[in-house]
Amino acid sequence: MTTKKVPLADLDWDDLRLFLQIQRSGSLSQAARQQRVDHSTVSRRLGQLELCLGGPLFERRRDGLRPTELAHLLTTHAEAMEVAALGLQEKLGGGERAPAGKVRIAMMEGIGTTFVARHLAPLLAQHGGLQIELVTSATVVNVNRREADIFVSFFEPQGQGLACAPAGGFALYLYAAPQYLAAHGVPASLADLAQHVFVGYVDDLVQLDAVRWLDELVQRPRMRLQSNSMLAQMSAAASGLGLVLLPKFSVVQETGLVPVLAAEAKVTRTLWLSVHHDLQYSGRIRAVMGYLQQLFAAQQPWLNGPPDTAPRG
């Protein structure tokens with residue numbers, strides 16, 4: 001039976017935007033949640049779009065949706081239309097219009113939760129029309145696929161269409177709970193670390209080499225507890241389970257940890273800000289990017305300074 005093809009003149013831009021959401025999320029259900037409609041509505045609109053184009057856009061598999069060749073072709077054109085629509089919105093808004101709208105920032109859990117989230121109030125007080133979506137992820141966030149507007153990372157992302165810039169850096173230090181040091185002794189040198197146990201990341205769940213920072217201090221550390229969450233590692237170490245290597249910013253309110261070998265056991269990382277080049281001149285994106293750059297620049301002396309020895313919290 002021949003499938004009836006709907007005229008391309010009936011192609012709906014809203015259906016193309018929905019297609020991009022399905023493509024980026026890999027799920028009809030997720031796209032439905034983002035659109036705030038039910039699953040059947042998304043399925044019906046996708047079917048209508050496929051009728052217009054004369055073929056299927058996704059293969060339904062047990063592990064999710066797989067884009068067809070037609071989907072890859074459509075993505076290129078739909079994203080170009082999306083960029084044009086965003087540019088038109090910016091121009092129609094006028095150059096003097098205050099930045100407004102949603103901006104999604106993605107970054108690792110630790111820096112997002114313990115540092116950036118604590119410093120967003122001035123930005124939102126200055127720009128009342130902005131709404132921030134802070135997404136924490138232990139994996140690489142694809143800005144090209146619009147998984148986020150801005151990506152804060154500990155490495156320089158690679159890919160076409162990205163505008164990336166370093167935004168300073170931060171230092172990591174070894175910490176331990178006083179009760180652990182009382183029971184196992186205080187290391188006197190880096191060589192002594194071989195006699196201690198550690199808390200760190202789960203090896204086979206580490207997708208970012210940039211967070212394999214403990215390897216720079218200790219060869220084959222003896223792990224007592226491993227977690228994919230930096231906050232869980234911090235809490236476990238504070239209970240006395242072992243030594244932990246943490247960014248200085250993460251322990252600002254953790255009173256159960258003290259620095260160990262602060263003069264020797266130091267690791268550094270560079271911070272990078274990334275945005276899709278088509279969005280970098282958007283008023284709302286520029287406002288948030290500029291604020292983050294100023295924030296990291298202003299905090300560099302503290303972020304890279306020695307660990308705090310005074311009581312925290």
Side-chain angles (χ1 to χ4, degrees), residues 106-117 135-141 151-157 169-272 303-309 311-313:
M107 63 195 73
M108 292 287 289
E109 171 199 36
I111 191 169
T113 302
T114 66
F115 185 74
V116 173
V135 178
T136 60
S137 173
T139 61
V140 176
V141 173
F151 183 34
V152 181
S153 60
F154 304 158
F155 59 94
E156 182 179 5
F170 62 92
L172 301 98
Y173 293 96
L174 272 179
Y175 295 90
Q179 61 266 37
Y180 172 86
L181 297 175
H184 300 276
V186 179
S189 68
L190 292 177
D192 289 349
L193 296 179
Q195 308 305 317
H196 288 264
V197 294
F198 292 84
V199 174
Y201 283 101
V202 181
D203 289 336
D204 60 354
L205 295 182
V206 174
Q207 297 188 21
L208 303 175
D209 287 339
V211 301
R212 297 185 185 275
W213 35 56
L214 185 58
D215 294 346
E216 297 184 23
L217 290 182
V218 190
Q219 289 187 351
R220 295 182 293 277
R222 293 190 296 143
M223 305 304 294
R224 186 77 179 278
L225 180 139
Q226 293 169 279
S227 172
N228 66 331
S229 166
M230 195 191 76
L231 298 184
Q233 295 172 36
M234 180 169 62
S235 296
S239 75
L241 282 182
L243 297 168
V244 64
L245 185 64
L246 293 170
K248 177 183 172 179
F249 58 71
S250 67
V251 297
V252 66
Q253 289 200 335
E254 178 52 70
T255 59
L257 292 172
V258 295
V260 176
L261 294 175
E264 302 171 75
K266 178 181 179 180
V267 174
T268 60
R269 286 291 184 270
T270 299
L271 285 167
W272 289 85
L303 288 171
N304 291 283
D308 300 320
T309 55
R312 295 180 295 271

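The first residue of the sequence shown is numbered 1, and numbering continues consecutively from there.
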### Query
So, does Q233 use its side chain to make a donor-acceptor pair with the main chain of S227 at under 3.5 Å?
yes

### Message
Tell me whether T114 contacts the main-chain N or O of G110 through its side chain, where contact means a donor paired with an acceptor under 3.5 Å.
### Response
yes

### Task
Please find out if less than 6.0 Å separates the ring center of F115 from that of F170.
no

### Task
Just do the side-chain contact (heavy atoms from CB on, under 4.5 Å) check on M223 and V197 with the steps written out, would you?
CA-CA 6 Å; M223 305 304 294; V197 294; over 6 Å; no

### Task
Start with the C-alpha distance between Y175 and V260, add both sets of side-chain angles, then the distance that settles side-chain contact (heavy atoms from CB on, under 4.5 Å), and finish with yes or no.
CA-CA 5 Å; Y175 295 90; V260 176; 5.9 Å; no

### Query
Does Y180 have any ring-ring contact (aromatic ring centres under 6.0 Å, His included) partners at least two apart in sequence or in another chain, and if so, which?
H184, H196

### Trace of the side-chain contact (heavy atoms from CB on, under 4.5 Å) decision for Y173 with K266
CA-CA 5 Å; Y173 293 96; K266 178 181 179 180; 3.6 Å; yes

### Message
Between L246 and L257, is there a side-chain heavy-atom distance shorter than 4.5 Å?
### Response
yes

### Task
Output the distance between atom CZ (F198) and atom CG (L174), rounded to the nearest 0.5 Å.
6.0 Å

### Message
Contact between T136 and M108 at the side-chain level, heavy atoms closer than 4.5 Å - yes or no?
### Response
no

### Task
Return the set of residues passing side chain to side chain contact (heavy atoms under 4.5 Å, CB included) with S235 (not counting sequence neighbours), or none when no residue passes.
none

### Query
Are I111 and F154 close enough that some pair of their side-chain heavy atoms sits under 4.5 Å apart?
yes

### Query
With a 3.5 Å cut-off and no angle check, do the side chains of S229 and E109 form a donor-acceptor pair?
yes

### CE on M107 to CG on L271, rounded to 0.5 Å
9.5 Å

### Query
For V267, which residues count as a side chain to side chain contact (heavy atoms under 4.5 Å, CB included) partner, sequence neighbours excluded?
L172, W213, E216, L217, L245, R269

